Every structure is written in structure tokens, then in C-alpha cells.
Amino acid sequence: MIATNGSRLAQAIVTRHPENPILTGADFPPESRIVRVFNSGVIKSGGRYLMACRAEDRALRNYIWIAESSDGVHFRPRALPVAMPHDDPDFAEYTAGMYYDPRITEIDGVFYLCHAAHSGHGCRLSLMKTTDFERFEWMGHISETDNRNGVLFPEKIDGLYARLDRPNTGDSFGDIWISYSPDLIFWGKSKCVLRNSQVRWAWAKIGPGAVPIKTPKGWLNIFHGVRTQCKSHYVYQLGVCLLDLHDPSKVIAMSREAILEPVEDYELVGQTPSVVFTSGAVVEADGEVKLYYGGADTVMALGTTSIDKLLYACEAL
């Protein structure tokens, strides 16, 4: 049971881990020259936790770097980053060495990393796959320009792969959309899922976060929402909504309040102040949810919640 006080929670939806931040640039091999790690995807497989880190050096070079953990708290980065296909003309032209914010989704025993790919042509979504986190295959770009925050559902919907994303320009800028695909490469049947104007505390923009979590009541979608302070200062928070199981373009419930907002020093102070941004969550057997998030575009942090708390937030908060 979740204790309540009237219509408001008597306890937090998300509890920060006491060892936060759980991963920093100082944890990487010294020769890597990594100074920041944030907005990283996480999955649990075979009893181990695997984090696809967004790692960054002082030259602002981005890397996808795997870190591993046996307990979901203490992560150890590998000696080298994931090898990217820099010799592929399409990758070189449309990525320009800037790839970031990976989300990991397992579908039928294959792990897919959906990430942003930035170049002079704008931002697109790009896809990699692996079966063992040792060998990675780049599958290509999977969106038009000016799209980011792509995250795959962990199963097909009516025989099609499904993806949440966020257009980055035009009338749909700042809204969450869904698209479908027969092969993970060609996407269509796009619909708007949630407009940022529907989220009272995030009037600037919203975007998908962790991989959607399937429950008997619907798909839990933990997303980020952004508001502006003093006209130009962005504040990134986290919210949660519940999507229909059979038609996830429909929002059937949503928390009216943010479930996590930046208040700690490692969330307020860093490369980008006032940011909590999730790209990964792990559901444990007992219903606990480990929610991994970047703090201030500088470090990785961990919060814990549960399926029951997230559903409660959608339905009552």
C-alpha cells in the first residue's frame, strides 16, 4: 500500500540512492580522458547490469561505453568504448562523430541500442544491435532529420515494432510521438501521443525516457519534461504516464506532477544545470524499479521506485 494524505503522496515516488552519483568521469580509465558520463541506457541480462554510457571528454567527443555491475549500483567501465563504424560513408556523413543518449531494448534475445546521431544535417535516430555486448552491428539511421529521444518498445504491437520519439522542429517540436515498423528500419503510421502543452509543469518540451514498462494496466512511460525559468534557463524533470496496452498512442492516465526534479547538488550543478534525464530503468522480480538518470549532464545517478508507485502516480497524483 502507498500511504496518502488527501490527494497527495505522503512519500516520494522516487527515492535517490544514498551513494549518488553512482558513476562519474573519474571512474573511467585515466587514459580515456573521459570527464563526464550521463544519459545512459541500462538493462539487466543474465544477472548482470549493463550500462551503455554516454561518455564525453574535454574535446566534447562522444563515446558509447559499456559499464557493468553485479548489483545495479557499482558499475565498472570497460577498458575501451564500443567501436563505431566511422569508415561507413553514411555514418560519417550523418553522424559526424556525435552520437549520444542510447536506450537499450531487448527484443527476442537481441539487444538494440537506439541513439541520437548529430551532424550538420541535424539530429537523426540511429540503431545498433548486439547479442552479447561484445560485438555490435550498426543497422543505419532510422528516422528523418530533426528527431531524437528514440526508444523501442520491448515487443511488437499488432505485428509491428513500435517506437516513441520526439520531433525536434516544426509544429510538433516538444511532443512525444509513436511510429511503427515491419523491420526496424522503415517507419510510419506515426501519431502524436502526448503534447507538451498537456503537461502543466513542462511547457517547453517533453521527450521519451526509459524503455516502456509493460504492466497489466498499460505501458508505463517515464519521460522527461522541461520548463523554463527566468525566460531562458531550462529545468529538466521526470514524469510518468500510462499508455494503452493495445494502442500505445493513447494516454489513459498521467501524473499531474513531476516524479523527480533537480534538487541535489549533482543535479543542479554541472555542464548543464538543473537536469534529471533518464534513458534507462530496470524492473526487478519484486516490482522494484531501478531508475537511472543523468545529473546536470555530468554524472549518472540512481533512484528507486516501484511499479505500484508509478501506477499510483499516474492514477492519483
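For this chain, numbers begin at 1 and follow the sequence in order. In this text, all values refer to a predicted model and were calculated from it rather than measured experimentally.
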Min side-chain heavy-atom separation Asn221-Leu242 under 4.5 Å:
no
Cut-off 3.5 Å, side chains only: do Tyr100 and His118 have a donor facing an acceptor?
yes
Residues that Glu155 engages under salt bridge (Lys or Arg N to Asp or Glu O under 4.0 Å), provided they are two or more places apart:
Lys214
For Phe153, which residues count as a ring-ring contact (aromatic ring centres under 6.0 Å, His included) partner, sequence neighbours excluded?
Trp219
More than 12 heavy atoms from other groups under 6.0 Å of NZ on Lys191:
no
Which ILVMFWY residues are connected to Val35, directly or by a chain of links, through side-chain heavy atoms under 4.5 Å apart?
none
Taking the side chain as every heavy atom from C-beta outward, state whether Cys53 and Ile64 have any atom pair closer than 4.5 Å.
no
So, Asp175 side chain and Asn196 main chain: donor-acceptor pair closer than 3.5 Å or not?
yes
If you look at every heavy atom in Tyr293 and Val276, which pair is closest and at what distance?
CE1-CG1, 3.7 Å
Sequence neighbours excluded - salt bridge (Lys or Arg N to Asp or Glu O under 4.0 Å) pairs with any residue from residues 19-34
none
Please work out whether the ring planes of Trp65 and Phe28 are parallel, tilted or perpendicular, with thresholds of 30° and 60°.
perpendicular
Trp203: partners by ring-ring contact (aromatic ring centres under 6.0 Å, His included), with sequence neighbours left out:
none
List the steps, then state whether ring-ring contact (aromatic ring centres under 6.0 Å, His included) holds for Tyr180 with Trp187.
CA-CA 5 Å; Tyr180 299 91; Trp187 294 82; 8.1 Å; no
Less than 4.5 Å apart, any side-chain heavy atom of Gln271 and any of Arg36?
yes
For Ala59, enumerate each residue passing the side-chain contact (heavy atoms from CB on, under 4.5 Å) test, keeping only those at least two apart in sequence or located in another chain.
Asp57, Arg61
So is Lys156 actually on top of Tyr161's ring, under 6.0 Å and inside 45° of the axis?
yes
salt_bridge(Glu315, Lys217) N-O dist < 4.0 Å
yes
Closest non-hydrogen atom pair between Val299 and Phe38, with its separation:
O-CB, 3.8 Å
Under a 3.5 Å cutoff, is there a donor and acceptor pairing between the side chains of Ser249 and Asp247?
yes
Determine which pairs satisfy salt bridge (Lys or Arg N to Asp or Glu O under 4.0 Å) with at least one residue from residues 62-72, sequence neighbours left out, and list them in order.
Arg48-Glu68, Glu68-Arg78
Heavy atoms, side chains only, cut-off 4.5 Å: are Val289 and Ile307 in contact?
yes
Taking all atoms of both residues into account, what is the closest heavy-atom pair of Ser179 and Asp165, and its distance?
OG-OD2, 4.1 Å
Does the Ser32 side chain pair with the main chain of Pro29, one donor and one acceptor, at a distance under 3.5 Å?
yes
To the closest 0.5 Å, what do you measure between OH (Tyr266) and OG1 (Thr24)?
13.5 Å
Salt bridge (Lys or Arg N to Asp or Glu O under 4.0 Å) partners of residues 264-279, not counting sequence neighbours, each pair once
Arg16-Glu267
Please, which pairs that meet salt bridge (Lys or Arg N to Asp or Glu O under 4.0 Å) have at least one residue in residues 225-244, sequence neighbours excluded?
none
Across all chains, not counting sequence neighbours, the ring-ring contact (aromatic ring centres under 6.0 Å, His included) partners of His115 are none
In terms of heavy-atom contacts, Ser40 and Arg54 come closest through OG-N, 3.1 Å
Only distances under 3.5 Å count here; give the side-chain donor-acceptor pairs of residues 102-111 to other protein atoms, sequence neighbours excluded, each with its distance to 0.1 Å.
unit_1: Arg103; atom_1: NE; unit_2: Gly209; atom_2: O; d: 3.0
unit_1: Arg103; atom_1: NH1; unit_2: Asp101; atom_2: O; d: 3.2
unit_1: Arg103; atom_1: NH2; unit_2: Pro208; atom_2: O; d: 2.7
unit_1: Thr105; atom_1: OG1; unit_2: Leu152; atom_2: O; d: 3.0

Between Met51 and Tyr292, is there a side-chain heavy-atom distance shorter than 4.5 Å?
yes
Expected output: side-chain Ser181 to main-chain Phe186 donor-acceptor under 3.5 Å:
yes
N/O donor-acceptor pairs under 3.5 Å from side chains in residues 279-287, not counting sequence neighbours:
unit_1: Ser279; atom_1: OG; unit_2: Asn39; atom_2: O; d: 3.4
unit_1: Glu284; atom_1: OE1; unit_2: Lys44; atom_2: NZ; d: 2.8
unit_1: Glu284; atom_1: OE2; unit_2: Tyr49; atom_2: OH; d: 2.4
unit_1: Glu284; atom_1: OE2; unit_2: Lys290; atom_2: NZ; d: 2.8
unit_1: Asp286; atom_1: OD1; unit_2: Glu288; atom_2: N; d: 3.0

Is it the case that the side chains of Asn147 and Thr145 hold a donor-acceptor pair, with the cut-off being a distance below 3.5 Å and no angle test?
no
Check the side chains of His233 and Ser274 for a donor-acceptor pair under 3.5 angstrom, ignoring hydrogens and angles.
yes
Which atoms form the tightest heavy-atom contact between Ser143 and Leu125, and what is the distance?
OG-N, 2.9 Å
Would a 4.5 Å heavy-atom cut-off, applied to side chains only, mark Val226 and His224 as touching?
yes
Do the two ring centres, one from Phe91 and one from His86, sit under 6.0 Å apart?
yes
What I'd like to find out is whether the side chain of Leu260 reaches to under 4.5 Å of the side chain of Val14, using heavy atoms alone.
yes
Heavy-atom side-chain contact between Val251 and Val193 under 4.5 Å
yes
